[in-house]
Amino acid sequence: MAGVKSRRLFKRAQRALVGGVNSPVRAFKSVGGTPVFMTRGRGSWIQDADGRRYIDFCHSWGPLILGHARPEVLFAAERALRKGSTFGAATEAEVALAEDIQAAVPSMQLVRLTSSGTEADMSAVRVARAFTGRELVIKFAGCYHGHVDSLLVAAGSGATTLGIPDSAGVPPAWARTTVTLPYNDAQAAAAAFKKWKGQVAAVIVEPVAANMGVALPAPGFLAALRELCTRNGALLIFDEVITGFRLCYGGYQKLCAVRPDLTVLGKIVGGGLPLAAYGGRRDVMRLVAPLGPVYQAGTLSGNPVAVAAGRETLRLLRTLKPYAALEAETLRLAAGIRRDASACGVVVTVNTIGSMFTVFFTGHPVTDYASAKLADAARYGRFFRSLLEQGVYFPPAQWEAAFLSAAHSGADLGRADKAIGQALQSLAD
Ligand code: HOZ
């Protein structure tokens, strides 16, 4: 249960902020209890307003692959800040970050930096529509591409958590420009291309779904989407906001060897500050202003402080190469969770890839939105609250990814493993 100060702050917050928060999943609605107000973080831990520390497996929903307040990243951001927080003008550092992105994700031949993943997703879809002269966009149920109007259809993440996957306020005519299909169903995609022949501008997909919890692409699924898009003159957009620089140095596209036409990045690429990017084929991106007629802009786009944090994070990832170790630790943690769950008779499915994982409270394999929705969110809430009591912070929602960072030590993971065992046991009691 949240401490006295967090409870007091939440009361105050509700008088000033909608629902007391600035992003709905923070409200703890699906896990129950009062949101915990954080005051600081370092390495693998965060601390709340009551001075309690937690081993963090949410890590701000993914950006902090190196942990909180990594000194080199802080130093780089601080150095940039001292020179001026924003110019609304071109800087050399943003060019260097774009070059780093091009080198790591070669399909991004031209890059545009934005301030949030939502903005980058929205812009990628806009440019795809302009390039093809078509309106329809295929997305997959349970995938989340930010709170873009036309993509808030069967949306995952907070929209699923709060039971509003089809948001109010989206004109039905806009929602009708989106065709929603089951994730991992290449046949459904082929049928959709047949049905809406010559009308599909783009297919947008999280190459590894992470916003319905973690669900892996079935073998051949992404390659089939590539093939369908190419054959039908549509663009393939990979939303790698979560997977970018999370599973390897670059995008998941490097691991699955499928080259999208456009890619969206966010989270890690901004080193924990508000920065995202979209980019792709030169002939497509040349449509974006000032080169072309697709308008997209931002006062804080390519903000120097965020750029500095992003560049330093990428530099550290190139140097430290943490990916193999992170994956091994995640697999170990997941094996422990499965073992503990089975020992106390609690049914779980644990999906992992690299340093991402989700504990689903269902015995069914989770491969798409329908199977993810079988998970028992109320059980997850009890699990979450038990972990919180024991000083371990998981994402406060069932349909999200949890993350390991390079800052988690063996001791952290040992403590977390014990706490998870107890949390599972409490569900069995
Ligand atoms: N996009 C984040 C991962 N699902 C959630 C963050 C939020 O909605 O606040």
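Residue numbers count from 1 along this sequence. Numbering of ligands and ligand atoms starts at 1, following listing order. Given the structure is predicted, the values throughout are model-derived calculations rather than measurements.
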* Asked: Taking N or O atoms only and a 3.5 Å limit, does Tyr144 qualify as a polar contact for ligand 1?
  -> no

* Asked: With a 4.0 Å cut-off on heavy atoms, does Lys267 reach ligand 1?
  -> yes

* Can you check whether Arg26 has an N/O within less than 3.5 Å of an N/O in ligand 1? -> no

* Nearest 0.5 Å please: distance from the CD atom of Glu327 over to the CD1 atom of Ile353. => 7.5 Å

* To do: Number the atoms of ligand 1 from 1 as they appear, then name those within less than 4.0 Å of a heavy atom of Val25, with their elements.
  => 7 (C), 8 (O), 9 (O)

* Can a salt bridge be assigned to the pair Asp48 and Arg40 using a cut-off of 4.0 Å between side-chain N and carboxylate O? -> no

* Run through Gln296, Arg126, Arg112 and flag the one making a side-chain hydrogen bond (donor to acceptor under 3.5 Å, both in side chains) with Tyr278. => Gln296

* Asked: Mind checking whether Ser23 has an N or O less than 3.5 Å away from an N or O of ligand 1?
  -> yes

* Partner of His145 by side-chain hydrogen bond (donor to acceptor under 3.5 Å, both in side chains), out of Asp239, Thr118, Asn211 -> Asp239

* Just jot down the ligand 1 atoms closer than 4.0 angstrom to any heavy atom of Asn211, in number order. => 3 (C), 4 (N)

* Out of Tyr54, Phe383, Trp61, which residue meets the ring pair (Phe, Tyr, Trp, His ring centres under 6.0 Å) rule with Phe394? -> Phe383

* Asked: By number and element, which atoms of ligand 1 are closer than 4.0 Å to a non-hydrogen atom of Glu400?
  -> 3 (C), 4 (N)

* Asked: Is any NZ, NE, NH1 or NH2 atom of the basic residue among Lys5 and Asp50 found under 4.0 Å from an Asp or Glu carboxylate oxygen of the other?
  -> no

